[in-house]
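Chain letters run A, B, ... following the sequence lines, proteins first, then strands; residues in each count from 1. Bear in mind that the values here come from a model prediction, so they are computed numbers and not experimental data.
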Amino acid sequence: MKKELAKTYDPKGLEERLYKKWLDGGYFHAEVNPDRKPFTIVMPPPNITGQLHMGHALDNTLQDILIRWKRMQGYEALWQPGTDHAAIATEVKVIQHLKEQGIDKDEIGREEFLKHCWEWRREYGGRIVSQLCKLGSSADWERERFTMDEGCSDAVMEVFLKLYEKGYIYKGSRIVNWCPKCQTTISDAEVEHVDQDGFFWHINYPIVGEEVRFVEIATTRPETMLGDTAVAVNPDDERYKDLVGKMLELPLAGRTIPVIADSYVDKEFGTGCVKITPAHDPNDFEVGRRHGLEEICILNDDATMNGKCGKYTGMDRYEARKAIVKDLEDLGLLVKVVPHTHAVGTHDRCGTTVEPMVKPQWFVRMDELAKPAIQAVKNGDLTFVPERYTKIYLNWLENIHDWCISRQLWWGHRIPAYYCDDCGEMVVAKEAPAVCPKCGRTHMHQDPDTLDTWFSSALWPFSTLGWPKKTPELDYFYPTDVLVTGYDIIFFWVIRMVFSGYEQTGKSPFHHVLIHGLVRDSLGRKMSKSLGNGIDPLEVIDEYGADALRLTLVTGNAPGNDMRFYFEQVEASRNFANKIWNASRFIMMNLPEEDIPEMDAKDLFPADKWILSRINTVTREVTENMDRYELGIAVQKIHDFLWDEFCDWYIEIAKFRLTSDDSVRGNVSWKAAALWTLKTVLAQAMKLLHPYMPFVSEEIYCTLLPGEETIMTSDWPVYKEEWSFPEEERQIAAFMELVRGIRAIRMEMNVPAKTKTDLFVVGKNLEIVNELRSLFDSLGDSSRMLFAKAIHIIGSKDEIGDESVSVVLSDATAYIPLDELVDREKEIARLKDESAKMDREIARSSGMLNNPNFTSKAPAAKVEEERAKLEKYRATKHQILDQLARYGL
RNA sequence: GGACGGUUAGCUCAAUGGGAGAGCACUCGCUUCACGUGUGAGGGGUUGCAGGUUCGAGCCCUGUACCGUCCACCA
């Protein structure tokens, strides 16, 4: 039974209905299936605090395109979804939430707080998932996971214990990045260096036992001097050689500190003397450890000065800075203050200036783990698209520091370390030990810290598939194929997944990493909450449809590049959906109730063969582009084919036959051939379009082919040799050239559309005349497109009156009697213009061909091509002159 | 201080070394029976600058300017 599309394209109702149909049909679900090859993508798990933003929309659109495409290609395509507990992000949100109800985190305690977190997750954790559905994401929701569900938590424990036993995880007092606002450590990846205007304070430290000599140091952080335990100079610095080993008076602190020599000091920078504060500067920390210096912590966790700071105790670090500078000035020890811009580490979440502190924390030793991850890209097991991101990946890995994984948060995976209250013994184990293995007493308590949220995400590609259990899924779907993510989280996530994958499974967790850029606003600014320039994808979907949004996000941008978001672009995308909607509706209106018989391509008429040949080529090219992840180029080709070739030309040409009486050539019906071609090409084009615009393509496809359940499981088209018709492509190209030529002339002459003329087409020779006659014959009544009263295909221009307008084609010239077109002078001017243009072309072309270097060195085909062009120019020129002669010129 | 990306039409961006393109915007037409969310015809560019390689350069090489991004322990 023939079906019809709704009169108007309404994405809203359509998309909701189709998504439900897909879910009900179970098309998103993948199973272990030995008969097919697997194709796997793990979805970067969005935070449970998340609201869908343009970054998610882009990221998930790209993944959905790939997964839908591979599914159609016959792979068992698994898109593994899930959400991330997002330790700090969620904890902050829940604290805020509780605060609004007058509840304080610390008052209710850990257990109670975690209950609220889980409650919060139940309440809001699914929100982003439902938003991803609106986008059309065909993820296997039956397999949805959560980083803190039982399986993922088991994986975390397993990895922690394994790495601990191997000595790769250790607890130690090291310098860490401390966020005084969030009250937790953060990893290097979470520190953002921001240039800030500050000062260089030059301070004199008196030398013990010398009245007049000082050591002048320069610092950007004078308040940390209370924690100084040395001053360092470069061992090769002649200026200070005699100072090494001397003691200095540390002003305001009432202590003395030594001068030491360390090559870390740059002779050229500042004064060449550096105050060393091991407890509050990463470099100083290293220097301090090398020289066995004391680490004096002078700050509380909230960045106020602690009890070791005398009169400054209790002051905020910046308050103390002012006070100390003032006091130094009063003592006459402040030499000068020089403005200085420097990069300050800030917490990427809250923007607070990070305080380096020495704290006992848990770390992952990176040196050994990094090795296979580095090797992976060097031997090609792992590739980045675009390739340039390999360098960024490598650069980070080659300079990696140990990863601080403990966080002073409650929401997350708690570190499985237990301490004996009585003897201090530490036990790392899956379960809490009942008794202390050392002293035998029973007062054990668990480490209060939790793990960095990225510790669990690092395991995502295999933990979601069942690891550490040996599941059939893990065996079949792992390693995954492509990871799609933004360049901004290569450090946080991609790297950690890779080294974790190698360490735990011996394999790279994925073969390719497809990197995309940021979606910016129309002014090129990052979308951000504070700027208020964010565009809500859901609102865009609501107004224009998910298909339009998706098309917008992949059109016209290359992998890895940022893009700007324009509503004009969304509108254009929506218009495209509307265009194909109406074209399809037109085709379906013309289809008969009964089925059209299958046809053999070789029995078709030239125009049919042409469009078949074109979609055949487009199919091949699109597939090649997609193989190279050039999704923007691929969709551009589909778009152009559908709009410019199929709608603007083929449908228009096919109309000649649809609207006239049927006729049979050989054993093929005119109309049936057109209808079969329309239907076949449209169906195939919808398949190509489906990964990009799943909803509209599904609706059209299933309406066009009422027997088909869904386009989702249809076969991805492949190139067919028997659909290649170069000869017909050439013929239709000539026809199009003729139509365009006539339109242009009529426009130039201001001929009203109503005015029809005679049209004479003169072939160069008999063979061409016959070919043209047969072509025009096969097209049906093409006079409408040519604005013709009658079309005469003839062998000689003698039959035409002298005064006429011509359109010159490769093998023929078309003439329109001038008297029907009004303006003689205008036509002469036009011919002269054309003639001059030909002269230029002939000069250019013959210039090239007269260059012996060109003819001898350029490829033969190129030279031949140029010769053919020149020949055509000359013929055209000749005909123009001929025409001018008819006007007596 | 390193590394990377960009510089092409008014705007946003494309273009395996072989006559510079698209979308939007602009100009001038069209109530053509699928679509005005449409359709036809146009205008508009010394491809940042300077060299080089090549028969031939937007594309390759060198240098340079500007914009942007990432990394980095010059206190």
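Within the 4.0 angstrom heavy-atom criterion, no nucleotide atom of any strand lies near A/Asp640. In this structure, A/Lys275 reaches neither bases nor backbone, as no heavy-atom distance under 4.0 Å exists between it and the strands shown. Using a 4.0 Å heavy-atom cutoff across all strands shown, A/Tyr393 reaches no nucleic acid atom at all. In this structure, A/Asp266 reaches the bases: a heavy-atom distance under 4.0 Å links it to at least one base atom across the strands shown. Here A/Tyr264 lies in heavy-atom contact (under 4.0 Å) with a base. Within 4.0 Å of A/Asn561, counting heavy atoms only, lie sugar-phosphate atoms of the nucleic acid but no base atom. Heavy atoms of A/Trp396 sit under 4.0 angstrom from primed sugar atoms or phosphate atoms, though from no base atom. At a threshold of 4.0 angstrom between heavy atoms, the contacts of A/Lys391 are confined to the sugar-phosphate backbone, with no base atom among them. Among the atoms of the strands shown, base atoms are found under 4.0 Å from some heavy atom of A/Gly272. Residue A/Trp201 is out of contact with every strand shown, counting any heavy-atom pair closer than 4.0 Å. A/Pro859 comes within contact range of at least one nucleobase, with a heavy-atom separation under 4.0 Å. As judged by a 4.0 angstrom heavy-atom cut-off over every strand, A/Arg844 is placed among the base-contacting residues. In this structure, A/Ala583 reaches the bases: a heavy-atom distance under 4.0 Å links it to at least one base atom across the strands shown. Across all strands shown, A/His340 has heavy atoms under 4.0 Å from sugar-phosphate atoms exclusively, and none from any base.
Put simply, CZ on A/Phe565 is 15 Å from C1' on B/G23, counting in whole angstrom units. Distance, A/Leu397 CG to B/C70 C1': 15 Å, rounded to whole Å. Note: CG (A/Asn851) to P (B/U54) measures 14 Å, nearest angstrom. Summarising the geometry, the separation between CD1 on A/Ile633 and P on B/C13 is reported as 16 Å, rounded to the nearest angstrom. In this structure, CD of A/Gln636 is placed 15 Å from P of B/G21, rounded to the nearest angstrom. Per the geometry, CZ belonging to A/Phe787 stands 16 Å off P belonging to B/G29, to the nearest Å. Computed from coordinates, the A/Gln196 CD to B/A72 P distance equals 17 Å when rounded to whole Å. Counting to the nearest Å, the C1' atom of B/U37 and the CZ atom of A/Phe586 are 19 Å from each other.
Donor-acceptor pairing under 3.5 Å, judged by distance alone, is present between the side chain of A/Lys579 and the base of B/C35. For A/Arg574 against B/U37, a side-chain-to-base donor-acceptor contact under 3.5 Å is present. Between the side chain of A/Lys637 and the base of B/A22, no donor-acceptor pair under 3.5 Å is found. You'll find a donor-acceptor pair under 3.5 Å spanning the side chain of A/Glu652 and the base of B/A34, going by distance alone.
Atom P of B/G23 sits at a distance of 10 Å from the matching atom of B/U39, rounded to the whole Å. Here the separation of B/C28 from B/C66, taken at their C1' atoms, is 39 Å to the nearest Å. Between B/A75 and B/U53, the distance separating the two P atoms is 45 Å to the nearest Å. Comparing the same atom, P, in B/C61 and in B/U54 gives a spacing of 15 Å after rounding to whole Å. A distance of about 11 Å separates the C1' atoms of B/G40 and B/U32, rounded to the whole Å. Atom P of B/U62 sits at a distance of 15 Å from the matching atom of B/G6, rounded to the whole Å. Rounded to whole Å, the P atom of B/C67 lies 32 Å from the corresponding atom of B/C26. The separation of B/A20 from B/G56, taken at their C1' atoms, amounts to 15 Å, rounded to a whole angstrom.
Of all the heavy atoms in A/Arg746 and A/Ala753, the pair that sits closest is NH2-O, 3.8 Å. Taking every heavy atom of both residues into account, A/Met225 and A/Ile324 meet most closely at SD-CG2, 3.9 Å.
Looking at the side chain of A/Met747, the nearest of the listed nucleotides B/C71, B/G40, B/C55 is B/G40. For A/Arg564, the listed nucleotide lying nearest its side chain is B/C13; candidates were B/A41, B/C70, B/C13. Comparing B/G40, B/A72, B/A75 against the side chain of A/Arg743 picks out B/G40 as the nearest. Of all nucleotides listed (B/A34, B/G5, B/A72), B/A34 comes nearest to the side chain of A/Met589. Across B/C35, B/C33, B/A75, the shortest atom-to-atom separation from the side chain of A/Arg784 is found for B/C33. Considering only side-chain atoms of A/Ala858, the nucleotide from B/U69, B/C55, B/U39 that sits closest is B/C55. With distances taken from any side-chain atom of A/Tyr566 to the nucleotides B/G38, B/A22, B/C11, the minimum falls on B/C11. Nearest to the side-chain atoms of A/Asn578 among the listed nucleotides B/A72, B/C35, B/C4 stands B/C35. For A/Asn575, taking side-chain heavy atoms from C-beta onward, the closest of the listed nucleotides B/G38, B/C55, B/A41 is B/G38. The side chain of A/Thr220 has B/A75 as its nearest neighbour among B/A75, B/A41, B/C55.
A distance below 6.0 Å separates the ring centres of A/Phe200 and A/Phe269.
Summarising the base pairing, B/U62 is matched to B/A50 through a Watson-Crick or G-U wobble pair whose two defining distances lie under 3.5 Å. The partner of B/G1 is B/C71, by the rule that a Watson-Crick or G-U pair needs both atom distances under 3.5 Å. Of the nucleotides present, B/U27 is the one that pairs with B/A41 by Watson-Crick or G-U wobble criteria, both distances under 3.5 Å. Nucleotide B/A57 has no partner under the Watson-Crick or G-U criteria, as no pair reaches both atom distances under 3.5 Å. A 3.5 Å limit on both hydrogen-bonding distances identifies B/G21 as the Watson-Crick or G-U partner of B/C13.
Listed for the A/Thr224 side chain is a donor-acceptor partner under 3.5 Å among the backbone atoms of A/Arg221. Although no hydrogens or angles enter the test, the distance criterion places a donor-acceptor pair under 3.5 Å between the side chain of A/Asn234 and the main chain of A/Val265. In terms of modelled atom types and a separation under 3.5 Å, the side chain of A/Asp547 and the main chain of A/Val696 share a donor-acceptor contact.
For A/Phe269 and B/C74, the ring-to-base geometry satisfies the stacking test (centroid distance below 5.5 Å, interplanar angle below 30°).
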**Q.** A/Phe576 and A/Tyr9: CA distance, side-chain angles, deciding distance, ring pair (Phe, Tyr, Trp, His ring centres under 6.0 Å) verdict
**A.** CA-CA 11 Å; A/Phe576 173 65; A/Tyr9 169 60; over 10 Å; no
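How far CD of A/Glu223 is from OG1 of A/Thr219: 7.5 Å, rounded to the nearest 0.5 Å.
Where A/Ala744 and A/Cys647 each meet RNA chain B at their nearest nucleotide, the meeting point lying more 5' is that of A/Cys647. Between A/Lys526 and A/Phe576, it is A/Phe576 whose nearest contact on RNA chain B lies nearer the 5' terminus.
One finds no salt bridge joining A/Asp521 and A/Arg564 here, because no Lys/Arg side-chain nitrogen approaches an Asp/Glu carboxylate oxygen to under 4.0 Å.
Using the six-membered ring where Trp is involved, A/Tyr544 and A/Phe567 have ring planes that are tilted, between 30° and 60° apart.
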